[in-house]
Amino acid sequence: MASEAAMRPAVSSGLATLAADTAAAALPVSLYVHVPFCVSKCAYCDFHSVPGHESWRQPFVDAALFEVGHWSHHDLLDDVPTVYVGGGTPTLLGDGLVRLVRGLRETARIRPQAEFTVETNPETTDAILVAALIDGGVNRFSLGVQSFDDEILRILGRCHDAEAASGAARTLRDAGAAFSIDLICGVPGQSFESWDDTLEKAVASGARHVSVYPLTVEDGTPLAVAVESGSMPALDPDVAADMMLAADVALAAAGMPRYEVASYAQPGHEARHNQVYWSGGAYLGIGPSAASMLPHDTYVRLADGEGWPLPEQDGGQPPLARTRFSHSSDLPAYLRRPLTAPTELEHLSEAEVKREDVMLGLRLRRGVLAASVEAAGLTAVLGGLADKGLVSLSERDGDARWRTTEQGWLLGNEVFGSVWAGE
Amino acid sequence: MIDLRAMTDPTLIRNFSIIAHIDHGKSTLADRVLELTHTIEDRDMMEQVLDSMDIERERGITIKAQAVRVLYEADDGKTYTLNLIDTPGHVDFTYEVSRSLAACEGVLLVVDAAQGVEAQTVANALMAMNAHLEIIPLINKIDLPSAEPERVRHEIEEALQIPADEAVLTSAKTGEGVRAALESVVRRVPAPVGDPAAPLKALIFDSFFDAYRGVVALIRVVDGHVAAGMKIRMMATQTVTDVEEVGVRRPQQVPVSELGVGEVGYLITGLKDPSLVKVGDTVTAAKHGSLDPLPGYRDVKPMVYTGLFPIDGDQYPELRDALDKLRLNDPAIIYEPESSHALGFGFRCGFLGLLHMEIVKERLEREFDLDLLATAPSVEFHVFKTNGEEIAIHSPQDMPDPGVLDRVEEPYLKVTVLVPPEYVGAVMEMNDNHRSTFVNMQYLSATTVDMHYEMPLSELIMDYFDQLKSRTKGYASLDYEYIGYRESDLVKLDVLLAGKPVDALSFIVHKDKAYARGKVLTEKLRKIIPRQMFEVAIQAAIGGRIIARETVSAKRKDVIAKCYGGDISRKRKLLEKQKKGKKRMKNLGNVEVPQEAFMAILKVDD
Ligand SMILES: Nc1nc2c(ncn2[C@@H]2O[C@H](COP(=O)(O)OP(=O)(O)O)[C@@H](O)[C@H]2O)c(=O)[nH]1
Ligand code: SF4
Ligand SMILES: [Mg+2]
């Protein structure tokens with residue numbers, strides 16, 4: 001563990017340390033690329049992705065590389081600690097994905113030992129492609145399995161069966177790649193046996209990282225329509241809770257303890273890119289609907305150059321510290337003009353940043369320093385949550401930290417909502 | 001074209017109202033009249049123009065009576081000034097009807113040619129008879145394939161005992177017969193009589209608040225005249241003020257130089273205080289004015305009471321202000337401050353009925369931008385204590401301990417239900433469950449039976465109307481009349497959440513029904529109250545004895561773990577939305593209670 005931490009101080013100890021360590025150096029900015037294509041739409045999916053549109057795929061790679069080139073040119077990508085190519089189904093791009101990956105390497109200054117993840121789904125996990133990607137610098141895959149039960153896969157509207165999922169995992173393992181598996185629990189009709197079996201197969205697949213999500217019904221999805229019309233029973237949150245607990249036990253027993261509300265990993269295989277999200281690190285999202293977070297002054301520098309909107313400051317408000325923005329999910333518009341102004345834009349003050357850091361930090365098992373909580377003015381709020389058994393304060397190696405309890409993970413919205421609201 | 005500015009010769013004035021059961025076509029008929037008299041040009045014509053409030057348009061019903069002046073060139077070659085007053089048809093708004101009638105000499109009684117006579121047809125016609133108005137029956141919707149004008153003619157004669165051979169047949173939809181209706185008005189409705197030389201005497205029959213002009217009163221001049229610049233006195237409040245403007249409504253306000261005998265119009269004084277301009281008051285000249293006021297209206301008696309509380313306690317002063325303003329426009333509302341342990345400060349308000357209550361709440365929320373919580377409606381109980389003291393209570397909270405109670409009386413109604421014969425059985429069965437006593441029934445025609453019951457008002461406000469409608473496939477119509485107080489074996493049922501009594505959920509119920517109501521209510525609440533961080537017990541109790549219990553088990557999972565591609569803004573927004581949703585709920589001793597919980601008691605029948 002200690003050597004792991006020493007190897008990657010940048011991601012695992014947050015922006016503050018990072019800024020101190022690399023005082024004069026460039027700002028570390030992680031890179032996320034959103035590939036908005038899938039073979040077909042899953043019943044529960046509200047991510048931005050479209051089936052078909054084959055003729056748009058190569059132009060998309062061109063547009064994404066153009067965008068990355070532009071930002072590199074503006075000195076934003078001089079120190080890239082992690083890269084995540086997600087979607088959608090990036091591997092659906094085939095050779096285009098290899099071109100994208102190589103292009104990223106050539107354009108942005110990605111650290112030599114950077115974590116470089118590509119998301120994939122069973123139907124497009126091809127041995128030759130995987131080898132080419134590894135050759136291009138990809139060192140981690142995230143495989144969307146969701147379940148090893150054909151019936152559940154059918155209910156979820158996935159376009160592959162359990163056999164294909166196992167096959168894809170085998171392909172990745174045979175290629176010698178580190179990989180993660182995504183699973184969904186709490187699906188109507190899913191039995192505990194089915195869930196246990198899925199967990200067992202995930203462990204046996206050779207994955208060193210597993211993400212577990214309770215199914216949520218998003219407005220406007222076919223799943224929502226089915227539940228509303230009564231053709232599918234409503235989700236039972238108690239069942240999902242029990243399944244989350246079962247995952248916790250089974251995966252810990254298999255040597256993959258939980259390190260984040262939804263993530264389990266063998267020690268040293270925690271997803272570094274995701275931890276950037278939870279620890280206040282900067283990241284740039286490329287592609288339609290992709291989200292970015294930059295220190296406010298960095299945003300101002302970019303926005304000035306691009307003619308993007310700047311906040312109206314009349315001097316009365318507290319200074320701004322952080323900016324979050326994302327691009328429209330209009331794919332044709334993106335292809336025509338990849339650098340249009342963000343459609344969602346949010347500027348956070350220093351006080352809000354502190355609250356947000358505590359909120360995000362509580363997603364992680366290691367929790368948040370009591371001193372940071374105090375600095376965010378949240379000690380009383382966490383005290384209140386502790387009374388409800390959702391967080392606890394403990395001291396280890398002289399560091400007092402607030403940590404989310406088992407019950408707190410399950411009632412995460414309660415914890416995160418209270419922390420953000422500051423009440 | 002007649003000059004609107006000149007006072008009108010009273011012999012050429014006809015003041016009439018249109019009365020009907022709801023949906024029989026009053027508002028549509030009024031539209032046709034406005035068109036036929038070119039009061040509104042076609043391009044300005046919206047459907048049911050007189051229903052100007054948003055709520056009226058949305059619900060398709062008329063709530064506030066409206067007055068409009070039209071000029072009609074009759075077959076005799078003369079041009080008449082008709083003042084047309086559209087009235088509401090729902091039983092809750094009977095009061096509005098009676099006010100409108102006081103400004104008229106006659107009515108058009110509209111009856112749907114397919115539906116026939118319904119409960120408010122009878123109630124409104126009786127009101128017009130009591131006011132000695134000329135009644136012109138009008139059978140509307142004759143364009144419908146299901147129209148049966150002959151049967152309806154017979155029903156009018158049978159139920160109302162008025163001759164219907166001269167009834168006008170119309171279709172407000174196509175306009176057929178509308179001219180004939182106006183001819184009847186000109187011929188049969190008497191011209192107003194009054195003394196133009198006598199001191200001014202005018203009746204305020206409606207009023208509303210205009211943000212720019214202050215209080216606007218709708219008046220009917222009986223004697224003398226009123227003009228801008230005059231000094232007038234409101235006789236009941238003894239307020240003396242200047243007349244800023246008088247005018248007529250077409251339906252937009254058009255100023256005129258003066259209003260004379262028999263004329264209907266509006267009056268603006270610049271007064272901003274609603275309480276100084278009372279509906280029912282008489283306006284006279286400040287100097288040498290009349291000494292005897294016109295007969296006012298009967299005092300309206302609220303039938304149902306409910307607590308209205310601002311969800312955000314800081315809005316209490318705004319709520320008071322809003323009620324003050326709304327009351328001007330709707331004098332049937334009464335209110336007094338009330339405080340609840342659970343809900344804080346609010347008002348106990350009295351309404352004419354459930355629809356009235358719903359509409360007032362909605363108007364307060366929309367027009368005054370308030371978020372309100374209403375408690376379950378109650379009636380006025382008369383409580384006789386063992387020490388001889390007698391008190392009237394409007395809120396279950398005020399019910400004394402059983403120990404000091406001698407007896408309790410509750411208001412009873414005479415209920416009239418008109419239904420087709422095939423539903424008589426369903427109505428009887430349903431009424432049996434509502435502690436009612438059958439009085440008698442009468443066949444009005446082969447398709448309509450007139451049933452009479454006596455029933456406690458508290459039963460009627462329990463979702464009775466909706467149930468009646470659903471059990472008779474919408475065919476039944478209902479009217480009721482207050483007949484006095486009767487002793488009942490009543491108890492107060494309390495509701496406890498997590499062991500703590502919640503005063504705002506208490507209600508008063510007949511002893512024989514308490515157990516069943518308590519059980520259904522706790523079950524209902526279990527479904528309404530969302531799962532919380534801890535288990536919540538829901539109990540119903542009478543005088544400390546628990547009679548029903550349900551539990552809401554603790555919430556175990558509430559997490560949207562997925563946070564794709566670092567889209568934290570979106571996730572944070574979901575959390576903020578969730579937090580907001582909670583704020584719309586009421587926090588009662590740590591239990592988050594949604595607003596519907598306070599109305600759950602209304603839906604516990606069957
Ligand atoms: N077919 C037909 N429908 C009519 C006629 N008069 C009114 N209606 C319809 O009946 C409904 C109720 O009319 P409305 O004027 O609002 O009735 P009110 O409640 O008495 O004011 C509306 O849908 C009208 O369009 C008519 O003469 N013929
Ligand atoms: S594979 Fe993922 S992104 Fe594609 S449709 Fe399914 S859930 Fe959505
Ligand atoms: Mg109407």
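Residue numbers begin at 1 in each chain, while the letters A, B, ... track the order of the sequences. The analysis underlying the following values was restricted to heavy atoms, covering all of them including side chains, and did not include hydrogens, waters or symmetry mates.
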May I ask you to list the residues in residues 531-539 of chain B that approach chain A closer than 4.5 angstrom, counting heavy atoms only, ordered by number?
-> B/Arg531, B/Met533
Quick check: does any side chain N or O of A/Thr404 sit under 3.5 Å from a backbone N or O of A/Leu362, one acting as donor and the other as acceptor?
-> yes
Part of A/Glu356 lying under 4.5 Å from any heavy atom of chain B | side chain
Among A/Leu360, A/Asn413, A/Leu411, residue most engaged with chain B (heavy-atom pairs, under 4.5 Å) | A/Asn413
State whether the side chain of A/Tyr84 and the backbone N or O of A/Glu119 hold a donor-acceptor pair below 3.5 Å, judged by distance alone.
-> no
Got a sec, which residues hit ring pair (Phe, Tyr, Trp, His ring centres under 6.0 Å) with B/Phe309, two or more places apart in sequence or on another chain?
-> none
Residues two or more places apart in sequence or in another chain: which of them pass ring pair (Phe, Tyr, Trp, His ring centres under 6.0 Å) with A/His347?
-> A/His296, A/Tyr299
Side-chain (A/Thr405) to main-chain (A/Gly389) donor-acceptor, under 3.5 angstrom = yes
Using a 4.5 Å cut-off on heavy atoms from C-beta on, say whether the side chain of B/Ile311 contacts that of B/Leu372.
-> no
Region of A/Leu235 that comes under 4.5 Å of a non-hydrogen atom in chain B | neither
Show me, pair by pair, the donor-acceptor contacts under 3.5 angstrom made by side chains of residues 282-293 of chain A, not counting sequence neighbours?
| residue | atom | partner | partner atom | Å |
| --- | --- | --- | --- | --- |
| A/Tyr283 | OH | A/Arg324 | NH1 | 2.9 |
| A/Tyr283 | OH | B/Gly566 | O | 2.6 |
| A/Ser292 | OG | A/Gly285 | N | 2.8 |

Which atoms of B/Lys577 come close to chain A, meaning under 4.5 Å heavy atom to heavy atom: side chain ones, backbone ones, both, or neither?
-> neither
What do you reckon, is CG of A/Asp387 surrounded by more than 12 foreign heavy atoms closer than 6.0 Å?
-> yes
